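Structure record follows, encoded as structure tokens.
Please read all numbers here as calculations on a predicted model, not as lab measurements.
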Amino acid sequence: MLRECDKACIYSLDGVFLAEVKVIDSDKENLALIFEEEDMDKVNTESVIVFYDGIQGLVTCKCSLSARVKVVGTESGDIGRAIYKVPCRIDELIGVEQRRRDLKVRVSISSMLETSDEQGNVIHLPAKIKDISAGGIGFESSEKLKENQIFSFSFETDAGDTRLKASVLWVKEVAENGEEPFYRYGSRYFDLSKYQESMVRKYTFQEQLKRRKIQ
């Protein structure tokens, strides 16, 4: 089922994030996960796992985990503190989302952006997020930002909260019906962790499903 995968995020059956792990033998029937010791007690026997497959994209599956085995030699790879290997059986394919297709959904979310002024002082600017994808957000604000200006904002989902960093790609001034002008922005993320990427993709996917149900 998997073709080129070395990382995954584990969630409980009700969508709570539990751990990020390394995947080994992903192209074989008997694949395994490498855990950091501190994450072992969080994980249930049955879990939902989002695999990061380099060819297919994000592959979400319901899986069964069995008895852990202590890792020896170099098997722990680039997760230096990971000392347990857990056999993983894929029981059900939930969905596949292509990484190359960054799904964008329309939203209307009030947010407070954190950035710096020309003197380097931290400032907070109110904004309204108008669309969101795994690549970045579109938003509006009465405050003027420059292209390439870096900012961060709190991103809240049912699966948890995190703080995302982004930079401004473009700015457009808008004046409607004689009102005070405001600005529309496009932006892209940077320093996005695998866990954060998973959160954003899961959020956009769930929002799309909600819209389909309404229609």
Side-chain angles (χ1 to χ4, degrees), residues 1-103 132-135 152 154-165 189-207 209:
M1 183 177 295
L2 301 175
R3 300 172 65 185
E4 189 178 288
C5 176
D6 61 7
K7 287 187 179 181
C9 281
I10 301 181
Y11 297 83
S12 66
L13 295 181
D14 56 359
V16 177
F17 172 77
L18 300 175
E20 183 172 339
V21 297
K22 180 182 178 183
V23 181
I24 58 176
D25 296 331
S26 64
D27 58 338
K28 300 178 181 178
E29 183 176 350
N30 299 317
L31 63 92
L33 310 176
I34 299 294
F35 281 82
E36 295 187 21
E37 183 176 19
E38 62 205 45
D39 291 329
M40 281 305 309
D41 294 336
K42 305 176 187 176
V43 178
N44 302 316
T45 302
E46 292 188 341
S47 302
V48 172
I49 302 181
V50 179
F51 295 96
Y52 297 86
D53 191 297
I55 296 176
Q56 299 181 84
L58 300 179
V59 182
T60 303
C61 304
K62 184 177 179 181
C63 300
S64 296
L65 307 180
S66 53
R68 63 189 183 187
V69 178
K70 191 170 184 178
V71 169
V72 295
T74 60
E75 206 167 31
S76 60
D78 57 359
I79 306 180
R81 292 177 297 170
I83 60 173
Y84 287 103
K85 179 168 72 172
V86 179
C88 173
R89 184 184 74 237
I90 296 176
D91 297 324
E92 178 186 350
L93 174 64
I94 297 175
V96 178
E97 184 181 348
Q98 291 292 331
R99 294 175 65 94
R100 296 180 181 86
R101 298 176 183 175
D102 284 339
L103 176 67
I132 186 167
S133 73
S152 66
S154 178
F155 181 62
E156 301 178 4
T157 72
D158 294 339
D161 303 342
T162 189
R163 193 157 196 88
L164 303 180
K165 294 180 181 179
Y189 307 123
F190 70 94
D191 289 341
L192 201 67
S193 70
K194 293 293 186 181
Y195 169 50
Q196 290 174 319
E197 180 186 352
S198 174
M199 285 184 66
V200 176
R201 288 185 182 276
K202 183 177 180 180
Y203 174 84
T204 56
F205 182 66
Q206 289 177 334
E207 287 298 306
L209 287 181

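Within the model, atoms NZ of K22 and NZ of K85 stand 11.0 Å from one another, a figure rounded to the nearest 0.5 Å. Note that the CG atom of L93 and the NZ atom of K62 stand 13.5 Å from one another [nearest 0.5 Å]. Of the inter-residue distances, the one linking S133 atom OG with R201 atom CZ reads 8.5 Å to the nearest 0.5 angstrom. Remark: D25 CG to C88 SG distance equals 11.5 Å, nearest 0.5 Å. Atom CG of L164 is separated from atom CG of L192 by 6.0 Å, given to the nearest 0.5 angstrom. Between C61 atom SG and I94 atom CD1 the span is 7.0 Å, to the nearest 0.5 Å.
Contact between E46 and S64 at its shortest, heavy atoms only, is CG-OG, 4.4 Å. Closest approach of V86 to M40, counting heavy atoms only: CG2-CE, 3.9 Å. P87 and A67 get closest at one heavy-atom pair: CD-O, 3.1 Å. R68 approaches D41 most closely through the heavy-atom pair NH1-OD1, 4.3 Å.
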From CA spacing to verdict: side-chain contact (heavy atoms from CB on, under 4.5 Å), D39, Y84: CA-CA 10 Å; D39 291 329; Y84 287 103; over 6 Å; no
Steps toward side-chain contact (heavy atoms from CB on, under 4.5 Å) verdict (D27, L2): CA-CA 6 Å; D27 58 338; L2 301 175; over 6 Å; no
side-chain contact (heavy atoms from CB on, under 4.5 Å) evaluation trace for S12 with L18: CA-CA 7 Å; S12 66; L18 300 175; 4.2 Å; yes
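The shortest side-chain heavy-atom distance between D53 and L58 does not fall under the 4.5 Å cut-off. Within the 4.5 Å cutoff, the side chain of I90 has heavy atoms near those of the L31 side chain. Put simply, the side chain of L33 does not reach to within 4.5 Å of the side chain of V43, judged on heavy atoms. Residues V48 and L13 have side chains in contact (heavy-atom distance under 4.5 Å, counting atoms from C-beta outward). Within the 4.5 Å cutoff, the side chain of C63 has no heavy atoms near those of the S47 side chain.
By the side chain to side chain contact (heavy atoms under 4.5 Å, CB included) test, A8 pairs with V21, V23, I49, F51, sequence neighbours left out. Residues satisfying the ring-ring contact (aromatic ring centres under 6.0 Å, His included) criterion with Y203, sequence neighbours excluded, are F155. Every residue meeting the side chain to side chain contact (heavy atoms under 4.5 Å, CB included) condition with K165, not counting sequence neighbours, appears here in chain and number order: S152, F190, D191.
Under a cutoff of 6.0 Å and an axis angle of 45°, K194 and Y52 form a cation-pi pair.
For F17 and Y11, the ring centers are positioned less than 6.0 Å apart.
Put simply, the side chain of Q196 gets close to the backbone of R163: a donor and an acceptor are under 3.5 Å apart.
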